[in-house]
Amino acid sequence: MPGIDKLPIEETLEDSPQTRSLLGVFEEDAIAISSYMNQLYQAMHRIYDAQNELSAATHLTSKLLKEYEKQRFPLGGDDEVMSSTLQQFSKVIDELSSCHAVLSTQLADAMMFPITQFKERDLKEILTLKEVFQIASNDHDAAINRYSRLSKKRENDKVKYEVTEDVYTSRKKQHQTMMHYFCALNTLQYKKKIALLEPLLGYMQAQISFFKMGSENLNDQLEEFLTNIGTSVQNVRREMDSDVETMQQTIEDLEVASDPLYVPDPDPTKFPVNRNLTRKAGYLNARNKTGLVSSTWDRQFYFTQGGNLMSQARGDVAGGLAMDIDNCSVMAVDCEDRRYCFQITSFDGKKSSILQAESKKDHEEWICTINNISKQIYLSENPEETAARVNQSALEAVTPSPSFQQRHESLRPAGQSRPPTARTSSSGSLGSESSNLAALSLDSLVAPDTPIQFDIISPVCEDQSGQAKASGQGGRRTNPFGESGGGIKSETEDSILHQLFIVRFLGSMEVKSDDNPDVVYETMRQILAARAIHNIFRMTESHLLVTCDCLKLIDPQTQVTRLTFPLPSVVLYATHQENKRLFGFVLRTSGGRSESHLSSVCYIFESNNEGEKICDSVGLAKQIALHAELDRRASEKQKEMERVKEKQQKELSKQKQIEKDLEEQSRLITASSRSNQASCEGQFVVLSSSQSEESDLGEEGKKRESEA
């Protein structure tokens, strides 16, 4: 190495300006060395930190690879090949992690320790000596100045001694400090080279040791293993590229096929409704009431699972139970001016939900699916085939005629032409024996060729309107707003019983019998089957008013009476044996299809879980009406007896008056006869007009007595 510049220590006592100038050069060099070494220290410290991070990351990687076989991936499955491969990688990486840990330790000892020692010890020593030298130099200058100001004329030995002693001490201190300072600066020139080379030497030796350990671990067996893994990766990549190409082709085909489905309400001719489903899933809007009159609609994914309707919000892992739809009822409803709404009501009627479908097809399929599930068809071995057979059987069992024209044609006399209707009896049973029994039961309860009425049209109303026209009372105008005049008294105003129920009209049909509750059950079955098969889900909601005189169906909005059923004509009423929300009654009317005898019509309604209450109310009304009729007859009989008694009293008093008049007349006759005997001959007794009238009355009384 070339020679190293040094500060002359022997010139420190002289402290010449040249020496001070040379000292300034060395100080500048020390400052430059300090700045450069700080930067180099930061760079090497980054290497050391990176190596520590690499060692920790390698160790963590090895640990995670070991724990792969303990993981439970939702789509991973039990891949033993992958687990064994990763275990092999874990071993190799664990060895590499050990090598990195050794490298980190070597870097700390061979690289970071020398440069840290130079930075923390040598450079700080130079700075400390510089500060001490500066203080000693300032003290020496101050002592020289005091010594130079000693007075020549007034010499004070004591002061002179103190100043001289101060100069001696400060000069000695400056000289000693300056010599140590110069020595440290001269030594720094050597330590600078050592501090630069020794960390680099330690870094290179640590790397060489690391690479040697790596070459020992990477043997031929590992190279073969890595080659096999590389081949497997290429195979997986080729398989992925093939699968991606297949998926892209599938996407293109689905885009072409799904183009008509992007329309929210597709054409029903291209996408017909499937009425035999027992499972369905899709998005529906659910109505949630937030207040008395306000509500919100939330879009959720709904699906059927057995006899349950499940809902699942977007982002949820699993669905939750929305409603039990076994033996439930479903119908299309109008709600808040929204299309395709339907309502599901649970078996007990305590829970109901209003949902909105996206299209007419979804609307009808949801209703049919829930109807099929409500019948528990999903429990059979082949639900869709069973649903198709049940629906076909119900279609053959009923022939609904919901229009006004068909209803009026069915009520025409037998002589007029009427379109024939066919009926094939079936109760939904697959056995021939049960079908025959059902046919016998149907023929004995329901009149053949009977259409089903789904709207609120009753022969009672037609007969009443005809009678009103015949009696000249058909000219009274009906108030369309349900208002009544102030002078007109309601027919049911004096009734003791007033009970109001909310009902929905399901249908009516003429029946042959009105003395057996089975006729109501059979009519319910026929009407519900017809509604389900022919997709007639809309029902008219009304208020049923039960009084002691009649049953009234009242429009809930306009309060106009839609139908009136005289209570004496209601001969039979019953609720469904299982679904207590369904009830019906049989009305006996005159006319019908044959004008010569009475006909019976069965009306079926659905209530809000109040079927038994309505039947109890009708029974109570009939009892009250019966007691009222008995009381009326007893009152009329009592009045008749009182009239007879009063008439007898009048006859008796009249007879007594006649007897009294006769006695008076007899007295007068006796008196007149006596006067005639006393008077002369030729004289006459003149009677007053009152006496003559009394005599006439007396004669009439005698005649009546003789007649009696």
Side-chain angles (χ1 to χ4, degrees), residues 307-309 322-333 342-354 367 370-377 379 394 427-428 441 445-446 452 454 456 497-509 511 513-532 536-546 551-554 556 565 567 570-587 601-623:
N308 298 325
L309 179 65
M323 183 179 293
D324 182 5
I325 54 178
D326 269 341
N327 297 320
C328 73
S329 63
V330 59
M331 64 178 179
V333 294
F342 59 95
Q343 178 176 350
I344 307 173
T345 306
S346 61
F347 171 76
D348 54 4
K350 295 181 179 180
K351 185 176 182 181
S352 63
S353 179
I354 296 179
I367 292 177
I370 294 174
N371 270 323
N372 293 335
I373 295 175
S374 176
K375 301 172 185 176
Q376 298 183 349
I377 297 177
L379 297 175
S427 60
S441 175
L445 297 176
V446 181
I452 298 177
F454 293 109
I456 300 182
L497 180 66
H498 281 83
Q499 289 190 350
L500 195 67
F501 302 94
I502 298 176
V503 298
R504 289 171 291 275
F505 181 69
L506 293 176
S508 64
M509 61 189 301
V511 295
S513 174
D514 56 8
D515 56 356
N516 190 351
D518 291 339
V519 68
V520 179
Y521 306 148
E522 178 65 22
T523 306
M524 288 179 181
R525 188 192 70 80
Q526 292 289 327
I527 291 177
L528 291 177
R531 278 183 167 271
I536 304 174
F537 302 110
R538 193 176 302 277
M539 294 183 287
T540 304
E541 185 172 280
S542 304
H543 289 172
L544 178 64
L545 178 62
V546 180
L551 306 181
K552 283 188 176 183
L553 284 180
I554 302 174
F565 304 102
L567 193 61
V570 179
V571 295
L572 180 64
Y573 48 89
T575 60
H576 195 275
Q577 293 173 327
E578 296 179 355
N579 190 354
K580 299 302 180 182
R581 293 181 293 105
L582 300 179
F583 74 97
F585 58 84
V586 178
L587 189 73
V601 180
C602 185
Y603 293 84
I604 305 300
F605 295 88
E606 181 187 41
S607 65
N608 296 333
N609 200 24
E610 296 178 342
E612 292 183 343
K613 293 182 180 179
I614 295 174
C615 290
D616 293 341
S617 179
V618 174
L620 179 60
K622 291 184 75 67
Q623 290 181 5

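In what follows, every heavy atom counts, from backbone to side chain, and hydrogens, waters and symmetry copies are set aside.
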Run the side chain to side chain donor-acceptor pair (under 3.5 Å) test against [X] and tell me which residues pass, sequence neighbours left out.
X: Asp324; result: none
X: Ser374; result: none
X: Ser542; result: Arg562
X: Gln499; result: Ser617

Donor-acceptor pair, side chain of Lys622 and main chain of Val570, under 3.5 angstrom: yes
Arg531 side chain vs Leu506 backbone, donor-acceptor pair below 3.5 Å: yes
Run the side-chain contact (heavy atoms from CB on, under 4.5 Å) test against [X] and tell me which residues pass, sequence neighbours left out.
X: Asn327; value: Phe347, Gln376
X: Thr575; value: Lys580, Phe583, Glu612, Cys615
X: Thr345; value: Ser329, Gln343, Ser352, Arg581
X: Asp514; value: Val571, Val586, Arg588, Ser600

Pairwise side-chain contact, Leu553 with Phe605, heavy-atom cut-off 4.5 Å (strictly under): yes
Pairwise side-chain contact, Val546 with Leu567, heavy-atom cut-off 4.5 Å (strictly under): no
Nearest non-hydrogen partners of [X] and [Y], listed with the distance:
X: Gly584; Y: Ile604; value: CA-CD1, 4.0 Å
X: Ile373; Y: Asp326; value: O-OD1, 3.5 Å
X: Ala530; Y: Ile452; value: CB-CD1, 3.8 Å

Spacing of CG belonging to Asn371 relative to CD1 belonging to Ile344, to within rounding of 0.5 Å: 10.0 Å
Centroid-centroid distance, Phe454 to Phe505, less than 6.0 Å: no
Partners passing ring pair (Phe, Tyr, Trp, His ring centres under 6.0 Å) against Phe501 (at least two apart in sequence or in another chain): none
side-chain contact (heavy atoms from CB on, under 4.5 Å) between Leu500 and Leu544, worked out: CA-CA 6 Å; Leu500 195 67; Leu544 178 64; over 6 Å; no
